[in-house]
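Have a look at the structure below, then the notes.
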Amino acid sequence: MKNIVLGLFFLLFVIIFFMATMQLPSAEASHKDPAVYPSLLLFLIAVVGVILIVQGVFSYKRDGKKKIFDYGKMKLPFILMALTLVYVIVMQFIGFLISTFSYLFLVFMAFGGKKRPGLWFSSILTCIEYGLFAWILRVRLPEPLFNLLGSLL
Amino acid sequence: MNFGLLYTEGLNLVFQTDVLMFLFAGVLLGISIGCIPGLTVIMAVAVLTPFTYDLRPLVAILTLIGIYCGGNYGGSISACLVNVPGTPSAIMTTLDGYPLTTKGKAGLAIGTATVSSFLGGLFSVFVLTFLSPVVARFALNFISAEYFALGVLGISLIAYLGKGSSTKGFLSGLLGLFLATIGADPMIGYPRFTFGSSHLITGLEFITVMIGLLGIAEILIQAESLNVLDKVQQTLKGIIPSFMIIRSLAGVIMRSSVVGVIIGAIPGAGGTIASIVAYGQQKRVSRNPEQMGEGSLEGVAAAEGANNACTGGAMLTMLSLGIPGDAVTGVMIGALMIHGLSPGPVLFKENFELVSSIFIGMLLANMLVLVLGLGGAKFFAKMISAPKRFLNTAILSLAVIGSFAVQNSFFDVGVTLLFGVLGYVMVKFDIPRAPLVLGLILGPLIENNLRRSLLLVNGDVSQFLRTLVTRPISASILLIIVLLFFYPILKKFISDKFGKTPENV
């Protein structure tokens, strides 16, 4: 079943990107045509996709309708990704320090940690990360709230 | 090019405080990560690469080499103490390392693993030092058609020899090659598959892709089962093996190191296959084969000597040909490129001191493995049973901020998250990720050389094919690629003969 789903997904992938290659300008000489090499790769991906479908069909009887995903197991990875996505969005508005502290605390709790060590851990790690990135690596971390406060003062 | 200078030129560059400090930190970090089951060397290298941006190229590359060498060894500690390999390549070490622990000889098991790892690594550095200039000199004469064939060989090897199904390995490699086409066309500069985004004009930022694919995805996989390993109960005593023991194992280590270097140089084969082959070979030639699997020092030495000797083999193809031997050296190529250096024969010509420093740095990294391994075994043993939630939380946030730090761009963070999900889904569908890494690295090399070769024959495909089959080097490479298609039959033969393949391990 896995192989059939995978094969079909990649055939869809090939169709979408093949349509995108059609938008590219064409040239008479093959070495100057920007679409030739990607089209060749898409063709090969399509061939492998078909092979996977065929393999899937042959192994279907043996494997039956075996579940592709164990959704119960995927709960925590899903929570982590959702938290990370929210963190990245929120950081742009409230800045690095507050968002990172909250994110670390929530991720730590999601991993089954306790509140008190979580608060300590998040505070310390936020400071370490700030020091490492802002001072040592000289990365300009987003701090819109601090910037706003600075301009008001 | 004066090759004689290759062995001394980098001495004064390596023996500087910052270089030695970062190399030490790299090895220490590598062993710490390697000894914790679930945390892989490749994840560490991918997540930590952005931290090396501000460093000098030599310091950056030697830090990563330190992690690489330390991590490869670190896996043996948990393999010996709790019967769980810290890295996949330490799988064979569990067979004899853990029985030794149950017999109350945990210290001896770790000591033997450490000395064998050191000697295997040392041997591989010597091979690297003597062979890579020769290979690089040979590769300087390659024409573009031969480089194209070499790139295709790299992808085919990793797809066929890597973990899991060859079809899926090939699919992963093709996906990597395709993703490498995103961005401006190398010949006419027209943007391809950028969907109007100016961020994609220069292509996908390699390091951000790696952080997602190998770093974030790994944490997501870890999150599915957060089991904490039992505390190591035994006190580690007699860690340093006697001279008699080392002398009795010298032949075993030598044989397995040769196997390790050869297998390490083959893209995709890697430490796991090397240790399986070396262990199988040792069992055949051993005077006491019945003791192997019951706590034999020969078994520990064979497995550890081979998987650490792989590092030199993988670095050999990376430095001299620009073809990474495994995913870790793939990420290292990306790290070198950030500093404006591209591995391959030209590196030997233009960055003599750097290559020399890498040789010397690898030698020192292996010495540090010996010192830290023997001296810090008790500390690493405690790390195995530490709760992973601290480390996983830190790695996840470092991965996010690290990807932002690459170009101060939230777009890059988005790419990292996207590839984190892709990596996770790939694991769920049993698609190996290493071929994708190699595809992304080799994509530009393959496309540029294919199109350059076509340009030389005015776009005549038949003439290009004729060049490919008539030049001895490209013809030999093509022959190997064809033979690879018969590899599944060979794999079945190995499986029948030894009863173990990388998959069922």
Side-chain angles (χ1 to χ4, degrees), chain A residues 2-3 5-6 10 13 17 20-21 24-25 27-32 34-38 41-42 44-45 48-49 51-52 55 68-70 73-74 76-77 79-81 84-85 87-88 91-92 96 100 103-104 107-108 110-113 121-122 125 129 132-133 136-142, chain B residues 50-51 53-54 165 167-168 170-171 174-175 177-178 181 185-188 190 192-193 195 216 219-221 223-226 387-390 392-394 396-398 400-402 404-405 408 410 413-414 417 420-421 424 428-431 446-447 450-455 457-461:
Chain A
K2 258 186 192 177
N3 285 2
V5 174
L6 202 62
F10 274 99
F13 174 91
F17 278 94
T21 56
L24 296 173
E28 264 184 36
S30 59
H31 58 278
K32 282 184 186 162
V36 168
Y37 175 70
L41 292 176
L42 287 171
L44 292 173
I45 292 175
V48 178
I51 293 173
L52 279 172
Q55 282 179 348
I68 297 173
F69 293 118
D70 181 350
K73 270 186 169 182
M74 288 172 67
L76 187 53
I79 292 171
L80 291 177
M81 276 320 280
T84 310
L85 194 64
Y87 166 54
V88 173
M91 196 204 295
Q92 300 173 54
F96 174 83
T100 302
Y103 172 69
L104 288 172
V107 170
F108 186 81
F111 273 125
F121 177 69
S122 316
L125 195 58
E129 284 189 1
L132 184 67
F133 284 101
I136 299 176
L137 297 175
R138 291 186 292 275
V139 175
R140 270 190 305 146
L141 295 168
Chain B
F51 296 92
Y53 284 1
D54 251 23
S165 131
T167 318
K168 288 180 183 174
F170 200 50
L171 179 71
L174 285 171
L175 187 64
L177 289 178
F178 185 77
T181 64
D185 176 88
M187 273 206 170
I188 61 165
Y190 192 86
R192 293 184 298 194
F193 317 117
F195 300 103
I216 290 190
I219 296 295
L220 296 180
I221 294 293
E224 289 189 347
S225 54
L226 282 171
K388 274 194 218 159
R389 68 179 74 96
F390 290 97
N392 283 350
T393 307
L396 198 57
S397 82
L398 284 176
V400 174
I401 306 296
F404 172 80
N408 269 28
F410 278 103
V413 183
L417 295 186
V421 175
Y424 179 70
K428 290 279 150 193
F429 277 94
D430 311 315
I431 306 174
I446 292 176
E447 181 177 10
L450 170 68
R451 290 172 73 175
R452 207 172 295 147
S453 317
L454 283 169
L455 174 76
V457 291
N458 294 319
D460 185 347
V461 179

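Values below: every heavy atom of this structure, side chains too, minus hydrogens, waters and symmetry copies. Protein chains get the first letters and strands the later ones, always in sequence-line order, with residue 1 at the start of each.
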> If you take all heavy atoms of Phe133(A) and Gly402(B), which pair is closest and at what distance?
Replying inline: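 Distance-wise, the nearest heavy atoms are CZ-N, 3.9 Å.
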> Going by heavy atoms in the side chains, are Phe10(A) and Val48(A) under 4.5 Å from each other?
Replying inline: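 No; the side chains remain at least 4.5 Å from each other.
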> Is the shortest heavy-atom distance from the side chain of Met81(A) to the side chain of Val421(B) under 4.5 Å?
Replying inline: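 Yes, their side chains come closer than 4.5 Å.
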> How far apart are the C-alpha atoms of Phe404(B) and Phe96(A), what are their side-chain angles, what is the distance that settles it, and do they pass the ring-ring contact (aromatic ring centres under 6.0 Å, His included) test?
Replying inline: CA-CA 11 Å; Phe404(B) 172 80; Phe96(A) 174 83; 8.7 Å; no
Which one wins on heavy-atom pair count under 4.5 Å against chain A: [options]?
options	result
Ile401(B), Ile446(B), Leu417(B)	Ile401(B)
Ile216(B), Asp54(B), Thr393(B)	Thr393(B)
Met187(B), Arg452(B), Arg192(B), Lys168(B)	Arg192(B)
Asp185(B), Leu174(B), Ile431(B)	Leu174(B)
Asn458(B), Leu396(B), Val400(B), Val413(B)	Leu396(B)

[X] portion near chain B, given a 4.5 angstrom heavy-atom threshold:
X	answer
Phe17(A)	both
Thr21(A)	both
Leu85(A)	both
Leu125(A)	side chain
Leu44(A)	both

> After noting the C-alpha distance and the side-chain angles of Phe390(B) and Phe108(A), does the key distance pass the ring-ring contact (aromatic ring centres under 6.0 Å, His included) rule?
Replying inline: CA-CA 7 Å; Phe390(B) 290 97; Phe108(A) 186 81; 5.0 Å; yes
> Would you say the side-chain atoms of Gln92(A) pair up with the backbone N or O of Val88(A), donor to acceptor, closer than 3.5 Å?
Replying inline: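 Yes, the answer is positive, given that a donor and an acceptor are paired below the 3.5 Å cut-off.
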>> Is it the case that the side chain of Lys73(A) and the backbone of Ile221(B) share a donor-acceptor pair, with hydrogens and angles ignored and the cut-off at 3.5 Å?
In response: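 No, Lys73(A) side chain to Ile221(B) backbone: no donor-acceptor pair under 3.5 Å.
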Contact part of [X] toward chain A, heavy-atom cut-off under 4.5 Å: side chain, backbone, both or neither?
X	value
Phe170(B)	side chain
Tyr424(B)	side chain
Phe429(B)	both

>> Whether the Thr181(B) and Glu447(B) side chains hold a donor-acceptor pair (N or O, under 3.5 Å, no angle test) is what I'd like checked.
In response: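 There is no such pair (donor and acceptor under 3.5 Å, judged by atom type) between the side chains of Thr181(B) and Glu447(B).
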> Is there a donor-acceptor contact under 3.5 Å linking the side chains of Tyr87(A) and Thr100(A)?
Replying inline: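 Checked: Tyr87(A)/Thr100(A) side chains pair up, N/O donor to acceptor below 3.5 Å.
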>> Just so I understand: if I count every heavy-atom pair under 4.5 Å between each of Gly113(A), Pro25(A), Ala20(A) and chain B, which residue has the most?
In response: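 Among the listed options, the one with the most contacts to chain B is Pro25(A).
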